[in-house]
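Data block below; observations after.
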2 protein chains.
Amino acid sequence: MSPQGLTAKGAATRERIVVAAADHVLTHGTAGTSLDAIGVATSTSRSQLFHYFPEGKAELVRAIVACQGERVLDAQRPELDRLDSWASWKRWRDSVVAHYTANSGEHGCPIGSLAGQAAASDPQLRADIAAYFESWRGHLRAGVQRMRAAGLLRRGADPDTLATSLLAAVQGGLVLAQARGDLTPLGEALDAALAGLRSYAS
Amino acid sequence: MSPQGLTAKGAATRERIVVAAADHVLTHGTAGTSLDAIGVATSTSRSQLFHYFPEGKAELVRAIVACQGERVLDAQRPELDRLDSWASWKRWRDSVVAHYTANSGEHGCPIGSLAGQAAASDPQLRADIAAYFESWRGHLRAGVQRMRAAGLLRRGADPDTLATSLLAAVQGGLVLAQARGDLTPLGEALDAALAGLRSYAS
DNA sequence: GCGATTCTGGACTGCATAGTCCAAAGTATG
DNA sequence: CATACTTTGGACTATGCAGTCCAGAATCGC
């Protein structure tokens, strides 16, 4: 049994619930996702949801964020972990765009959308989302630092704010893309942010 | 009487509902805002809501977007309308940050948050939000064009994509700010985007 | 195999909410 | 002042939803 006292079968069911619920929440929003809908999507009954997520919907949504956050970050690997050349940044950019392109039909929307919904309602969820962004931003910052250490960027390039602006470009591009129903703003925003980074090239 | 057959009194009531509802929706989200809550906030009864917004909640939310969109754009004036020098861009940047700083407590969240909630649920609302972004982006694009016409930017500066990247920086900065509960990402993202613009200076 | 624990199904409760309806009060216009 | 129209109040219904409960099936530890 796993640490939480879960059978292999139980863990599988839990996983199945999270994955299916993630798809539903990311397309319909937290408010637009009922426990019933999750039930029919996963062929599970009411009691299982509360068995695996005793605190109810809020806990489930948090699990979704954790799951989906990992998915999104994984989609950027291995580039995200070894940003150390201009070519690697370009590859990273492409992997981000490719990931959202592939999943645009089902869940066109990222976790950022949840931030808006969670802002006031669930502080715990907001904190989880903030941590997720911070992790993502940390990878980008490390990349900028590597570039600077390698002498590819000038000293004036501040890894912290550059990482913020890169992540903001991704999230802002996604917001615009979602409103327009077309992903091109994401690519444009990313290109501009990378151009900004390149303006610090030494 | 006004075009829609509204008495002065009626128009005032309608306005009162929209304004109060806007505050509530922007802090609690559309799902977190019940018609009852709007009722108590504005001291109006159920029937008035449906009298002024026969299609119900969806129509009300659309009115809120129109109202709030105007508010946000107005907060950026007069700078937004006459972006034609580096100093004016800086002033614009400050007005954006100042606006969200002033309103961070009440409605920390912008219309962009609604895009996520509206994506699947209400296509009409999504279209309204897209139009709003397009209007905002149009002002920025005009500003870039003015800069180029004045010889302050090189020919390589594409007004269209630069406007997109600037707006994406605002929206992305707001998403991060919302998650973190702190507006600094907005300022940093905007500064980076403006630095990107400045890299095209001639 | 057997007892304890985990897993699953489905019915049930209680509540919050969107939307309807009708009748009364107010307000224009001639 | 009279009539038609707009505005307002509040009760009423429908429904959909989160969360509870209990009993039965499967599975694990020994």
Side-chain angles (χ1 to χ4, degrees), chain A residues 1-22 24-25 27-64 114 117-118 120-122 124-125, chain B residues 1-22 24-25 27-64 114 117-118 120-122 124-125:
Chain A
M1 298 207 191
S2 77
Q4 302 89 2
L6 283 178
T7 292
K9 188 179 179 184
T13 302
R14 200 194 121 108
E15 182 72 10
R16 186 163 47 96
I17 292 174
V18 172
V19 171
H24 207 282
V25 165
T27 48
H28 300 70
T30 55
T33 302
S34 69
L35 299 188
D36 284 334
I38 297 173
V40 307
T42 61
S43 303
T44 52
S45 66
R46 214 16 153 296
S47 57
Q48 314 199 40
L49 265 52
F50 286 87
H51 182 74
Y52 295 109
F53 308 95
E55 292 169 36
K57 195 176 184 178
E59 186 180 0
L60 174 57
V61 172
R62 268 177 263 136
I64 289 170
L114 291 178
Q117 308 174 42
S121 61
D122 186 347
Q124 171 74 54
L125 175 58
Chain B
M1 297 204 192
S2 79
Q4 302 89 4
L6 283 178
T7 291
K9 188 179 177 182
T13 303
R14 198 194 122 110
E15 182 72 10
R16 187 163 45 97
I17 292 174
V18 172
V19 171
H24 206 284
V25 165
T27 49
H28 300 71
T30 55
T33 302
S34 70
L35 299 189
D36 284 334
I38 297 173
V40 307
T42 61
S43 303
T44 52
S45 68
R46 213 21 155 297
S47 58
Q48 313 200 38
L49 264 52
F50 285 88
H51 185 218
Y52 295 109
F53 309 94
E55 292 169 35
K57 195 176 183 179
E59 187 180 0
L60 174 57
V61 171
R62 267 178 262 136
I64 290 171
L114 291 178
Q117 309 174 42
S121 62
D122 185 347
Q124 172 74 55
L125 176 58

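Chain letters run A, B, ... following the sequence lines, proteins first and then strands; every chain starts at 1. Predicted, not measured: the structure shown is a model, and the values here were computed from it.
Here the OH atom belonging to A/Y52 is positioned 12.0 Å from the CD atom belonging to A/E15, to the nearest 0.5 angstrom. Atom OG of B/S45 and atom CG of B/D36 lie 11.0 Å apart (nearest 0.5 Å).
Within the structure, a side-chain polar atom (N or O) of A/T13 is placed less than 4.0 Å from OP1 or OP2 of C/dT8. Phosphate proximity of D/dT8 to B/Q48: present, with a side-chain N or O under 4.0 Å from OP1 or OP2.
Residue B/S45 is the one, among A/T30 and B/S45, whose nearest nucleotide of DNA chain D lies closer to the 5' end (criterion: closest heavy atom).
Inspection of the A/T33 and A/H28 side chains reveals no N or O donor paired with an N or O acceptor under 3.5 Å.
Of the residues in residues 51-60 of chain B, those placing a heavy atom less than 4.0 Å from an atom of DNA chain C are B/G56, B/K57, in numerical order. Contact check of residues 34-43 of chain A against DNA chain D (heavy atom, cut-off under 4.0 Å) returns A/S34, A/L35.
Nearest approach of A/A37 to A/H24, heavy atoms of both residues: CB-NE2, 3.8 Å. What you find for A/F53 and A/A63 is that their closest heavy atoms are CE2-CB, 3.8 Å.
Each of B/V25, B/T30, B/L125, B/I17 was checked for a side chain to side chain contact (heavy atoms under 4.5 Å, CB included) with B/I64, and the lone residue meeting it is B/V25.
Within the 4.5 Å cutoff, no side-chain heavy atoms of A/L49 are placed close to those of A/K57. Between A/D122 and A/R62, the closest side-chain pair of non-hydrogen atoms falls below 4.5 Å.
On a pure distance criterion of 3.5 Å, a polar donor-acceptor pair joins the side chain of B/R46 and the base of C/dA18.
Going from atom CD1 of A/I17 over to atom P of C/dT8 covers 8 Å, rounded to whole Å. Distance CG (B/L49) to P (D/dG10): 14 Å, rounded to an integer number of Å. Rounded to an integer number of Å, the gap from A/F50 CZ to D/dC22 C1' is 16 Å.
When the local axes at the two ends of the helix from C/dA18-D/dT13 to C/dG30-D/dC1 are compared, using 5 base pairs at each end, they differ in direction by 20° after rounding to 10°.
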Audit row: B/Q48, B/T42, side chain to side chain contact (heavy atoms under 4.5 Å, CB included) steps and yes/no
CA-CA 11 Å; B/Q48 313 200 38; B/T42 61; over 6 Å; no

Checking A/T44 against A/R16 for the side chain to side chain contact (heavy atoms under 4.5 Å, CB included) test, could you report, in this order, the C-alpha distance in whole Å, the side-chain angles of both residues, the deciding distance, and whether it holds?
CA-CA 10 Å; A/T44 52; A/R16 186 163 47 96; 3.8 Å; yes

Verdict with reasoning, A/L35 to A/F50, per side chain to side chain contact (heavy atoms under 4.5 Å, CB included):
CA-CA 10 Å; A/L35 299 188; A/F50 286 87; 3.7 Å; yes

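Anti is the glycosidic conformation of C/dA11, whose angle departs from 0 by more than 90°.
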